[in-house]
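Every chain is numbered from 1, with letters handed out A, B, ... down the list of sequences.
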Amino acid sequence: MKAAVLQFPGSNCDRDMVEGFRKAGFAASQVWHKETTLPDGIDVVGVPGGFSYGDYLRCGAIAAQSPIMRAVADFAAKGGHVLGVCNGFQVLCETRLLPGVLMRNAGLKFVCRAEPLAVATTDSPFTNGYGADQTVSVPIAHHDGNYQIDDEGLAALKAEDRIAFTYQDNPNGSRADIAGVLSENRRVLGMMPHPERAVEETQGGTDGAPLFAALAGALVAA
Amino acid sequence: MKAVVTVMLKQGVLDPQGEAVKSALGSMGFDGVGGVRQGKVIELDLADGTTEAQVTEMCEKLLANTVIESYRVEMGA
C-alpha cells in the first residue's frame, strides 16, 4: 500500500500525516506541489494541514490551482482515495472535489484543543473502524474551520449519509456541526480535525489511528 | 492598463469579520450602523488589450469563490 502526501509552501502537517500512514502500514512519501504526476501505484493521497501559500486570497485557493492538484483531481475521478485534513480540507473544497466552503471561525479566534467528535457515519473506508455514534477526541487547530454549505447541498449530504464527523460542542460555527464530509463515491474525506495528531500515546491520544487503520483495511480488501 | 476587482461575500452569507467590525463601531459610540460587510479589493496591472472577459475568467477560476462570493470588475485606463 502506498500513500503520497502533498507538500505546498506553507504545509506544516505533512510529516505528521506521513507518520500516520506509516503507522498503519503504508509506504508513504511526500510529493512537491510542482509535480504534475503522482508516483506510480499510489493507493491514497493525503492533503495535509498548514497554511498553503500563507492562506493568501482564501485558504486553500492558490494550492487548489497548483500542478499536482490536477493530478489529484484525475486520481479522484478514477476512484482514488483522498484524505484532506484542515488546510487540506480547504484545498479539496476549493478544487470542488468536496462541496461547501470553509470560512473564518464564527468566534473569530484561532481554536486549538482536543475536540470531542461524533462519528456520524461508519459507512466509509475512513470511518468503518469506529462504532456508530462513537465519540472520539481529535485535536483541532484552525482559524477558518467554519463549514458552510447551502440548503440544497446540506440536504444532499444528509440524504446520502455523507457527513463523516460532527462536533459535539461546535467550536467554529460550522453548519449542522459538520467537522468532516465525504465525496459522492465516499472515497474522498475532508475534515478540519487532525487525526494524524492522535495516532500515538505521546500525542495525548490515539483516536485518530482507527481512521488510518480502516483505510489500510479497505485498500487491502480492494 | 489596470483593472480593479471587488470581491464581496454574497448577501445572506454570514460575514463574521463584518459582524465584528459592526460590533466594534457600536461600542465606539457610532450609532445607526445597521450592517457591515467586509470584502477585498484586488488591483490588476494588465497588458494592454486584456479584455474584461479575461478578467472575468480570472475571477471565476481564482479570485472569487463563487460558492460564497460575488465579484465586480472595473476596467480602467
Side-chain angles (χ1 to χ4, degrees), chain A residues 8 52-67 69-70 73 87 89-111 142-154 156-157 170-178 181 190, chain B residues 2-28 30 33-47 50-76:
Chain A
F8 301 102
S52 58
Y53 296 90
D55 277 352
Y56 292 169
L57 192 63
R58 295 180 308 278
C59 301
I62 298 178
Q65 301 298 326
S66 64
M69 284 311 297
R70 283 193 276 279
N87 191 232
F89 185 15
Q90 295 160 344
V91 172
L92 294 179
C93 288
E94 281 285 342
T95 55
R96 310 283 169 89
L97 283 173
L98 290 172
V101 64
L102 282 309
M103 298 184 60
R104 180 58 48 95
N105 292 344
L108 295 176
K109 289 192 169 59
F110 188 96
V111 286
H142 58 246
H143 206 165
D144 297 76
N146 180 354
Y147 183 77
Q148 294 298 321
I149 188 166
D150 60 17
D151 293 343
E152 193 182 333
L154 180 62
L157 288 182
N170 193 332
N172 52 34
S174 287
R175 187 148 195 213
D177 301 325
I178 289 172
V181 298
Chain B
K2 290 189 184 295
V4 176
V5 173
T6 306
V7 179
M8 295 295 295
L9 285 169
K10 288 179 178 171
Q11 289 301 322
V13 175
L14 176 67
D15 176 2
Q17 293 172 94
E19 289 298 313
V21 172
K22 178 183 156 189
S23 159
L25 288 172
S27 62
M28 289 165 70
F30 292 105
V33 180
V36 176
R37 309 284 290 172
Q38 182 173 306
K40 57 192 122 187
V41 174
I42 301 167
E43 288 186 356
L44 304 172
D45 217 341
L46 299 165
T50 306
T51 64
E52 183 164 347
Q54 287 171 307
V55 178
T56 297
E57 191 180 353
M58 295 176 202
C59 292
E60 290 283 331
K61 287 189 171 171
L62 179 64
L63 300 180
N65 180 333
T66 55
V67 175
I68 49 165
E69 292 171 331
S70 60
Y71 61 87
R72 189 175 70 239
V73 175
E74 289 169 82
M75 302 299 287

Pick from B:L63, B:L14, B:V67: which one has the most heavy-atom pairs with chain A under 4.5 Å?
B:L63

Work out which heavy atom in B:I68 is nearest to a heavy atom in A:M103; give both atom names and the distance.
CD1-CG, 4.2 Å

Identify the two heavy atoms, one from B:I42 and one from A:L57, that lie closest to each other, and give their separation to 0.1 Å.
CD1-CD1, 3.9 Å

Which answer fits B:L62, side chain, backbone, both or neither, if we ask what part of it has an atom under 4.5 Å from a heavy atom of chain A?
both

Honestly, the part of B:V7 sitting under 4.5 Å from a heavy atom of chain A is neither

Set of side-chain contact (heavy atoms from CB on, under 4.5 Å) partners for B:A24, sequence neighbours left out
none

Taking side chain as everything from C-beta outward and backbone as N, CA, C, O, which of these in A:L108 sits under 4.5 Å from a heavy atom of chain B? Side chain, backbone, both or neither.
side chain

Which donor-acceptor pairs sit under 3.5 Å apart between chain A and chain B?
residue : atom : partner : partner atom : Å
A:L57   : O    : B:K40   : NZ           : 2.4
A:R58   : NH1  : B:L62   : O            : 3.0
A:R58   : NH1  : B:L63   : O            : 3.0
A:R58   : NH2  : B:L62   : O            : 2.9
A:Q65   : NE2  : B:K61   : O            : 3.0
A:E94   : OE2  : B:N65   : ND2          : 3.1

